[in-house]
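These notes are about the structure you will find just below.
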Amino acid sequence: MSVLSAEQMSSLYEEQGYLSGVAVLDNAELRQAREAFAQLERKFGTDYTKYSLHNTHQQYDWVLGLVKHPRVLEVVRAVLGQDVLLLDSRFICKYPVARGNGGADVIPYEEGVQKETAGEEEGGKGKEKKDGLPYVAWHQDMRYWGLDGGPVLSVWLALDDSLEDNGALQVIPGSHCSGMLPHRQSERVGNMLTVNQEIPEELVETDKALLCPLLAGQMSVHDGLLVHASDPNMSDRRRCGFVIRYVPTCAYPIQDPDRPRRFPATLLVSGEDQYGHFSSSMEPQL
């Protein structure tokens, strides 16, 4: 994505529900983040690091630096305004299926080496469903967040290249304008969503699906109501990303039995919090 002004980012995001290909980390920052993540892989093992590194911004300074990165917050403020809370963070890795989940899946980042991509392409057409392999079903993030009073913005910050063959993000542009869609239990094995839900296929305009390829160090951002998914990793490369959720300070948690959530890791990252809606669930930051 070319460099856009705050006004252009806000307008494009409002229209399509996402931005992609936003440059964030330089080569040195990316190398440091990948080396730090590799230490966590060695410490915990890849069965754990594929999804269980949750809210580690409370434990590690380098992760806290990512959630407060100036380029990330520049884009977030363009969309949500100046007063912003970090809601939640999680690393998500799709390891190569053919090579298992051993430490050999960890591949080094080579400075200056970038793979060419054709930009955004149509995704999800005519692809064979590979049952049992880890994938993410079509869904909306807001289905899982007991919130009201403001939008949720999700960041995917790529630590690895995220391309079609290793399961890059797919989106339905403009679908955030359709409100909350029904979700049901998925019948396809391998869904990485913790409650195994999906939007019924007949409600997803897959003919409009676009792939959002990212090079390592780039990010995409999307609205909590945007319909999105990702296919299995069929490459011999890891696909690791850092997911960060932000909300404007005017948002507040609600009691919803279908979306029971606690928010113990919220953190003011920009502006002022005049509401204190999450103060009761906030814990001291390390």
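For this chain, numbers begin at 1 and follow the sequence in order.
Follow the hydrophobic side-chain contacts under 4.5 Å out from Val247 and you never reach Tyr275; the two are in separate clusters.
For Glu14, the CD atom sits in a loose shell: 12 or fewer heavy atoms of surrounding residues, nucleotides or ligands are nearer than 6.0 Å. Atom CD of Gln185 has more than 12 neighbouring heavy atoms from other residues, nucleotides or ligands inside a 6.0 Å radius.
Here the two rings, on Tyr18 and Tyr13, have centers that are 6.0 Å apart or farther. Aromatic pair Tyr246/Trp145: ring centres not closer than 6.0 Å.
One distance of note links SG of Cys240 with NZ of Lys50; it measures 13.5 Å at 0.5 Å rounding. Here the CZ-CG distance, from Arg71 to Leu66, works out to 15.5 Å after rounding to the nearest 0.5 Å. Rounded to the nearest 0.5 angstrom, Asn166 CG and Asn233 CG are separated by 5.0 Å. In this structure, Ser162 OG and Leu211 CG are separated by 7.5 Å, a value rounded to the nearest 0.5 Å. Taking CD from Glu41 and CG from Asp47, the interatomic distance works out to 11.5 Å, rounded to the nearest 0.5 Å. Separating the OG atom in Ser175 from the CG atom in Asp223 is a distance of 8.5 Å, to the nearest 0.5 Å.
In terms of heavy atoms, Met9 sits closest to Leu4 at CG-CB, 3.7 Å. The shortest non-hydrogen separation linking Pro151 to Leu80 is CG-CD2, 3.6 Å. The minimum heavy-atom distance linking Cys212 with Ala168 is given by the pair O-CB, 4.1 Å. Counting all heavy atoms, side chain and backbone alike, Leu181 lies closest to Gln140 at N-OE1, 2.9 Å. Residue Gln197 comes nearest to His183 through the heavy atom pair OE1-CB, 3.5 Å, listed as atom of the first residue, atom of the second, then distance. When all heavy atoms are compared, the tightest approach of Gln16 to His176 is C-CE1, 3.5 Å.
Between Trp62 and Phe91, the ring planes are tilted. Angles from 30° to 60° get that label. Note: Tyr252 and His277 have perpendicular aromatic rings, judged against thresholds of 30 and 60 degrees for the angle between ring planes.
In summary, the side chains of His69 and Glu29 do present a donor paired with an acceptor at a separation below 3.5 Å, with no hydrogens or angles considered. Remark: the Lys94 side chain and the Ser230 side chain contain an N/O donor-acceptor pair separated by less than 3.5 Å.
The backbone N or O of Ala265 lies less than 3.5 Å from a partner atom in the side chain of His57, making a donor-acceptor pair. For Gln218 (side chain) and Ala158 (main-chain N/O), no donor-acceptor pair under 3.5 Å exists by modelled atom type. For Asn196 (side chain) and Ser186 (main-chain N/O), a donor-acceptor pair under 3.5 Å exists by modelled atom type. Although no hydrogens or angles enter the test, the distance criterion places a donor-acceptor pair under 3.5 Å between the side chain of Ser5 and the main chain of Gln8. Counting only distance, with no hydrogens or angles, the side chain of Arg90 and the backbone of Leu53 share no donor-acceptor pair below 3.5 Å. The closest donor-acceptor contact from the side chain of Ser270 to the backbone of Gln82 lies under 3.5 Å. In this structure, the side chain of Ser52 does not engage the main chain of Thr49 through any donor-acceptor pair within 3.5 Å. Asp148 contributes no side-chain N or O that, together with a main-chain N or O of Ala251, makes up a donor-acceptor pair within less than 3.5 Å. In terms of modelled atom types and a separation under 3.5 Å, the side chain of Asp161 and the main chain of Ala216 share a donor-acceptor contact. With Glu15 contributing its side chain and Leu12 its backbone, the two residues share no donor-acceptor pair below 3.5 Å.
Residues meeting the ring pair (Phe, Tyr, Trp, His ring centres under 6.0 Å) test with His222, sequence neighbours left out: His228. Tyr51 pairs by the ring pair (Phe, Tyr, Trp, His ring centres under 6.0 Å) definition with nothing, not counting sequence neighbours.
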Verdict with reasoning, Leu87 to Phe263, per side chain to side chain contact (heavy atoms under 4.5 Å, CB included): CA-CA 7 Å; Leu87 187 68; Phe263 303 98; 3.4 Å; yes

Walk me through it: do Asp83 and Gln274 pass the test side chain to side chain donor-acceptor pair (under 3.5 Å)? CA-CA 9 Å; Asp83 300 328; Gln274 301 179 8; 5.0 Å; no

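A salt bridge links Asp141 and Arg245; the closest N-O separation between the charged side-chain nitrogens and carboxylate oxygens is under 4.0 Å. Taking the charged nitrogens against the carboxylate oxygens, Asp160 and Arg239 have no contact shorter than 4.0 Å, which rules out a salt bridge.
Under the 4.5 Å side-chain criterion, counting only non-hydrogen atoms from C-beta, Val269 is not in contact with Leu85. A heavy-atom distance below 4.5 Å is found between the side chains of Pro200 and Leu203. A heavy-atom distance below 4.5 Å is found between the side chains of Tyr95 and Arg238.
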